[in-house]
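This report refers to the structure that appears directly beneath it.
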Amino acid sequence: MENQIILSPSPHLESGESTQRVMLDVIIAMVPACIATVFFFGMPAVIVMAACTIFCVAAEWACNKIMKQPTTICDYSAALTGLLLAFNLPPSAPIWMCFVGAIFAIPMAKVIFGGLGYNTFNPALVARTALLISFPAQMTDWRAPGGFVTSAADLKSMATPLGELGTSLMLTGKIPESFDLAAYFLGNQAGCVGAASSLALLLGAVYMFYRKVITWETPVSFIGAAMVLSGLLWMINPETNANPIFHLFTGGMILGAFFMATDMVTSPLSSKGMLIFGAGCGILTILIRVYASFPEGVAFAILLMNSAVPIIDRYTKPTVFGTSAQKA
Amino acid sequence: MESTKYDAKSFKGGLHPPDDFKHFTDKKAIEVCPLPEELIIPLSQHIGAPAKCLVKKGDEVKKGQVIAEPAGFVSLPIHASTSGTVKAVEMRLHPYGTDSMCVVIEPDGNDEWVDGLEGIDPEKATIDEIKAKISGAGVCGMGGAAFPTHVKLSPPDDKKIDKFLLNGVECEPFLTADHRLMLEQTDRMMDGIQLVKKVLGVDEACIGIEVNKPDAIDKCTEVGKSQGVKVTPLKLQYPQGCEKRLIDAETGREVPSGGLPMDVGVVVQNVGTVAAVSDAVREGKPFIERVVTISGAIVKEPKNLLVRIGTPMSFLIEQCGGLTEEAVKIIHGGPMMGNALPSLDAPVCRGTSGVLLFGKDMVRETKIGPCIRCGRCVSVCPVRLMPTTIYSAISYNEVEAAEEACANDCVECGCCGFVCPSNIPLVQAIRQAKNAIWAAKS
Amino acid sequence: MLTAIIAVGAVALFFAITLGLAAKKFHVEVDPRELAISEVLPGANCGGCGLPGCSAFAKGCVEGTIEITGCPPGGAGLVEKIAGILGVTADASEAEVAVVICQGDNVKAKNKYKYLGIEDCNAAQQIAGGPKTCPGGCMGLGTCQRVCPFDAIEITEDGLAVIDREKCTGCQKCVPACPRKCIVMAPISATTHVMCNSNDKGPAVKKYCTVGCIGCTLCKKKGSEEGYVIENFLARVDYEKKAEDINAGIEVCPTKCIRDFATEGYPEGSKLVMPNSVDQAS
């Protein structure tokens with residue numbers, strides 16, 4: 001072609017980053033947790049992860065086709081949502097629930113808001129919450145880690161540590177005598193597919209920091225605020241309140257702080273905003289865990305804070321260079 | 001890098017491009033570019049009113065002759081860069097991309113100077129005489145914006161200037177013209193500094209140089225020691241060469257939004273500009289040539305050339321041995337803030353710091369994706385804007401929202417566009433917002 | 001049970017009285033003619049009248065601050081209706097539609113470079129004057145399409161804006177939106193247009209466009225002296241003249257840049273179908 005010359009606006013150099021790469025990096029960061037969950041829960045976890053991912057990608061593709069828009073599954077965002085959704089389901093979740101989850105996540109929580117970049121709420125968490133409310137029995141059917149088993153029936157039922165805490169409080173008015181914190185940290189606990197092993201999740205988080213996919217503000221303030229609040233409660237009454245380390249390594253705290261709250265689309269833009277957002281998530285998580293009827297609060301906390309993002313953005317605009325003197 | 005060697009200063013925000021691409025030309029001494037077959041001299045080469053043309057087709061002109069006179073205070077005369085015949089006064093491709101009125105000169109090869117160009121003795125001359133020499137020679141900022149220098153040197157009486165900064169940062173990747181000038185023409189530059197110091201009535205001058213030019217830092221420190229000129233080493237950080245960033249890095253003063261450096265008592269000049277000031281005052285030599293970096297991976301021999309204003313870019317490429325493959329992008333200026341050109345027919349003008357040629361591997365044809373709100377543009381913006389907010393405001397034609405987001409404060413440094421993973425041309429969007437705001441007001 | 005009924009009833013009564021009083025106190029007198037006009041207006045709030053919406057236009061009509069012919073989408077029919085409501089007489093002017101006077105898409109006309117950037121004609125125009133070599137040619141980046149409140153503009157696959165003559169209401173929003181000024185208003189009855197907007201001389205036009213007007217004046221000389229005006233090397237149809245006169249120029253145009261929409265339909269590449277084009281052709 002004769003028109004080989006290209007003109008574009010400045011800058012003419014670029015970092016080489018792409019949305020696709022960002023999404024792929026997050027998926028790569030989830031690989032250690034995937035391996036860990038297969039190690040603890042076996043085939044059921046594999047099935048949930050595969051089903052959610054496939055259904056989400058298919059849902060995205062179907063939406064593109066129905067709306068006659070270019071296919072967007074190549075940006076990996078649907079695959080990421082699918083995997084995150086799987087991470088938020090119990091390993092015993094039946095396949096039909098993965099399907100319903102995908103319908104909540106992609107068409108309902110993402111596409112009708114305008115697609116990638118326009119959704120107010122984290123699609124995976126919307127799906128998880130919708131499933132939890134619609135199918136409470138299946139969504140709280142927790143199983144004990146049982147090694148590499150072929151079907152969920154081979155896994156024994158077991159309460160999550162947070163569930164155990166609640167039951168104990170209800171029955172005896174006190175929290176259990178001791179926890180096996182080391183086991184929780186490694187992932188040897190009942191829980192969601194991806195949330196079990198804090199160690200594996202942290203490995204992934206290190207990769208995301210290395211690739212600069214996430215910044216420190218949200219996770220640090222999330223965990224920091226949760227630790228401070230749970231620490232205060234624990235100091236006030238250690239008999240009815242678990243210690244902060246217990247809160248850190250159980251439930252979805254690590255998953256939420258590093259993988260869900262850091263979702264770029266649904267978190268604030270500025271660093272100040274991210275600090276406020278993270279702190280809000282942390283405080284709400286602990287409040288829900290301690291005072292509300294649900295044993296786990298990470299998903300609700302993040303969704304609530306998602307809805308506050310526009311207002312946080314509005315009030316945390318950076319002071320434009322050269323205007324600080326005028327404001328002071 | 002060598003940042004440990006110096007106690008280097010910097011500013012907040014901006015970015016650190018992984019490769020500054022300066023290795024193509026930073027060791028290459030400035031060469032004099034020969035006379036081309038045709039010189040295309042645009043009448044609009046500076047910020048402010050275009051000059052009024054004084055010649056017509058068929059006129060004989062001499063080197064240094066005024067061929068267009070200034071139209072107002074913020075305007076400059078234009079001079080012939082060599083002797084010859086005016087071939088045409090017509091619309092030609094301007095280095096900023098659009099067609100604009102140019103005087104086309106066919107050189108006679110004698111390169112004969114016009115009579116009556118004389119310098120003055122700065123020791124005896126008054127400040128106004130020196131300023132008249134500077135404006136008469138058509139000296140303007142050589143960093144890119146091409147603001148008439150005499151205007152910058154004439155602050156209103158209520159603005160007291162106590163600092164004179166020199167911009168030797170050259171933070172744009174690829175460009176090395178200022179770097180070579182600081183190394184090779186240190187004395188000429190120092191002389192210019194003394195003259196400007198006299199005009200401004202300040203005792204102290206500081207040259208800001210980034211630490212990727214250690215040879216220039218050492219040379220200028222040594223030469224400047226006896227002349228009251230200090231060198232401030234600066235950390236590698238783009239866009240440190242932006243005036244307000246440089247002032248922030250060197251003095252910590254914050255130029256108010258919409259204000260000028262003189263509002264905080266500072267005047268900034270490019271190192272090349274002060275060298276041109278020296279020529280203008282001592283020899284009466286007009287601003288008809290400048291150092292230009294011709295670079296890019298597809299240029300056979302990238303060079304720093306001393307080029308006459310009006311030399312077509314295609315001629316510069318010939319001087320550099322041609323190209324190894326067909327150019328996909330031609331850039332006038334630096335890669336971060338320069339503009340792309342449709343052809344090499346455009347000439348070098350006073351604001352041309354470089355001509356860059358990119359092959360296929362440097363141009364990624366990716367589609368613009370949706371903003372995923374990653375916030376990277378916000379974290380790199382040196383002016384602390386929220387580029388994505390302005391982008392979304394202007395996409396929905398919400399001009400007021402764009403203005404509220406301070407679109408007019410943007411310096412168009414390109415950091416946001418550089419980091420954007422969705423490949424959104426944020427600078428272009430902000431430029432559109434600025435146009436829309438301006439249109440709404442008028 | 002009784003207490004509940006009484007309590008709810010009391011609350012209902014309280015609100016009924018409060019609301020009733022409030023409605024009386026804050027009552028706003030609206031001229032019934034204003035409401036009547038609002039009802040006959042197109043209701044798209046396109047802003048074509050220069051006011052911020054249809055209700056503002058209705059108010060303006062009643063108050064006499066704006067001409068009742070000021071609603072471009074409404075056309076002659078609307079003017080009659082408003083005149084009836086207000087009890088005045090008005091000369092109805094003929095309705096107009098917008099026409100893109102360019103058919104040089106990316107196949108027929110050359111681009112001087114490939115543009116990468118925001119999909120917007122104004123943004124592209126800032127970069128070396130836009131990719132299309134022809135200074136007046138349509139760039140097909142869809143700025144007019146996005147400002148059109150009636151969804152009447154199509155961008156063809158080869159990058160040319162085409163305006164649907166049925167959907168276009170003549171609101172004129174697209175006219176100032178085009179940085180190359182290649183959208184003009186023409187009476188709806190005029191179906192023949194010179195589809196070129198380049199003021200360059202013939203040889204220059206030939207270099208970059210196969211369907212541009214080269215200013216040869218043949219339409220005027222061999223076709224009809226009456227029907228065409230030639231200015232700055234560009235012919236244009238004098239819409240006031242008779243259709244036979246104008247159509248006489250079509251055959252003689254060497255670059256085929258005079259198009260009769262009624263017989264030839266929309267420019268090539270458009271998916272639009274000219275209304276009744278078959279009937280008129282037969």
Side-chain angles (χ1 to χ4, degrees), chain A residues 2-23 25 70 72 74-75 77 114-120 212-215 217-218 262-274 309 313-314 316-328, chain B residues 13 17-18 97 173 244 248 254-259 326-331 335-343 356 358 362-366 369-376 378-379 381-386 388-389 405-406 409 412 414-415 417-423 425 427-428 431:
Chain A
E2 50 182 327
N3 273 320
Q4 219 209 345
I5 288 277
I6 290 175
L7 266 77
S8 63
S10 61
H12 305 287
L13 289 179
E14 52 179 318
S15 55
E17 285 289 332
S18 64
T19 304
Q20 207 177 358
R21 178 74 220 206
V22 169
M23 298 296 164
D25 274 333
T72 51
C74 298
D75 64 16
S77 65
L116 179 64
Y118 296 95
N119 48 307
T120 313
K212 298 199 175 103
V213 174
I214 59 172
T215 51
E217 287 94 341
T218 309
T262 53
D263 171 31
M264 292 164 170
V265 178
T266 55
S267 63
L269 289 167
S270 67
S271 127
K272 219 192 320 176
M274 287 188 240
V309 165
D313 268 342
R314 200 180 165 79
T316 54
K317 275 185 209 156
T319 315
V320 173
F321 187 90
T323 59
S324 42
Q326 290 160 19
K327 278 188 185 162
Chain B
K244 294 183 181 180
D248 185 19
E254 195 171 309
V255 181
S257 157
E326 211 172 332
V328 174
K329 216 181 215 181
I330 304 160
I331 297 159
M336 296 297 281
M337 290 184 72
N339 56 294
L341 282 173
S343 90
L356 308 179
F358 285 1
M362 291 292 283
V363 184
R364 213 168 56 144
E365 286 185 54
T366 31
C371 169
I372 54 166
R373 293 175 42 88
C374 66
R376 290 179 190 183
V378 179
S379 67
C381 180
V383 193
R384 303 196 284 266
L385 299 175
M386 293 176 115
T388 177
T389 311
C406 302
D409 282 278
E412 302 180 11
C415 288
F418 179 89
V419 296
C420 182
S422 291
N423 200 33
V427 177
Q428 191 186 22
R431 235 177 258 151

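Order of the sequence lines fixes the chain letters, A, B, ..., with proteins taken first and strands second; residue numbering starts at 1 for each chain. Only this structure's heavy atoms are used, side chains among them; waters, hydrogens and symmetry mates stay out.
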Exam field: side chain [X] to backbone [Y], donor-acceptor pair closer than 3.5 Å:
| X | Y | value |
| --- | --- | --- |
| B:Arg384 | A:Thr319 | yes |
| A:His12 | B:Gly338 | yes |
| B:Gln428 | A:Pro9 | no |

Practice task
Test A:Phe321 against B:Asp409 for side chain to side chain contact (heavy atoms under 4.5 Å, CB included), laying out the working first.
Solution key: CA-CA 8 Å; A:Phe321 187 90; B:Asp409 282 278; over 6 Å; no
By a 4.5 Å heavy-atom criterion (distance strictly below it), what part of [X] contacts chain A: side chain, backbone, both, or neither?
| X | value |
| --- | --- |
| B:Ile372 | both |
| B:Val363 | side chain |
| B:Val383 | both |

Exercise for the section: May I have the step-by-step check of side chain to side chain contact (heavy atoms under 4.5 Å, CB included) for A:Ser8 and B:Lys329, ending in yes or no? Expected result: CA-CA 9 Å; A:Ser8 63; B:Lys329 216 181 215 181; 2.7 Å; yes
Exercise for the section: Evaluate the side chain to side chain donor-acceptor pair (under 3.5 Å) criterion for residues A:Thr19 and B:Ser422: first the C-alpha distance (whole Å), next the side-chain angles of each, then the deciding distance (0.1 Å), finally the verdict. Expected result: CA-CA 5 Å; A:Thr19 304; B:Ser422 291; 2.9 Å; yes
Fill in the blank from the handout: The reported gap from SG in B:Cys374 to CG in A:Asp263 (rounded to nearest 0.5 angstrom) is 11.5 Å
Exercise for the section: Tell me, out of A:Asp313, A:Thr72, A:Thr262, who's got the most heavy-atom pairs with chain B below 4.5 Å. Expected result: A:Asp313
Exercise for the section: Applying side chain to side chain contact (heavy atoms under 4.5 Å, CB included), run through A:Leu7 and B:Leu341 and close with a yes or a no. Expected result: CA-CA 7 Å; A:Leu7 266 77; B:Leu341 282 173; 5.6 Å; no
Practice task
Could you check B:Arg364 against A:Glu14 for side chain to side chain contact (heavy atoms under 4.5 Å, CB included), going step by step and ending with a plain yes or no?
Solution key: CA-CA 9 Å; B:Arg364 213 168 56 144; A:Glu14 52 179 318; 3.0 Å; yes
Practice task
Give the C-alpha distance, both sets of side-chain angles, the deciding distance and a yes or no for side chain to side chain donor-acceptor pair (under 3.5 Å) between B:Arg431 and A:Ser10.
Solution key: CA-CA 11 Å; B:Arg431 235 177 258 151; A:Ser10 61; 2.9 Å; yes
Practice task
Measure distances from A:Ser267 to the heavy atoms of chain B and classify the residue's part below 4.5 Å as side chain, backbone, both or neither.
Solution key: backbone
Problem - Atom of A:Val22, atom of B:Pro421 and distance for their closest heavy-atom approach - result: CG2-CB, 4.2 Å
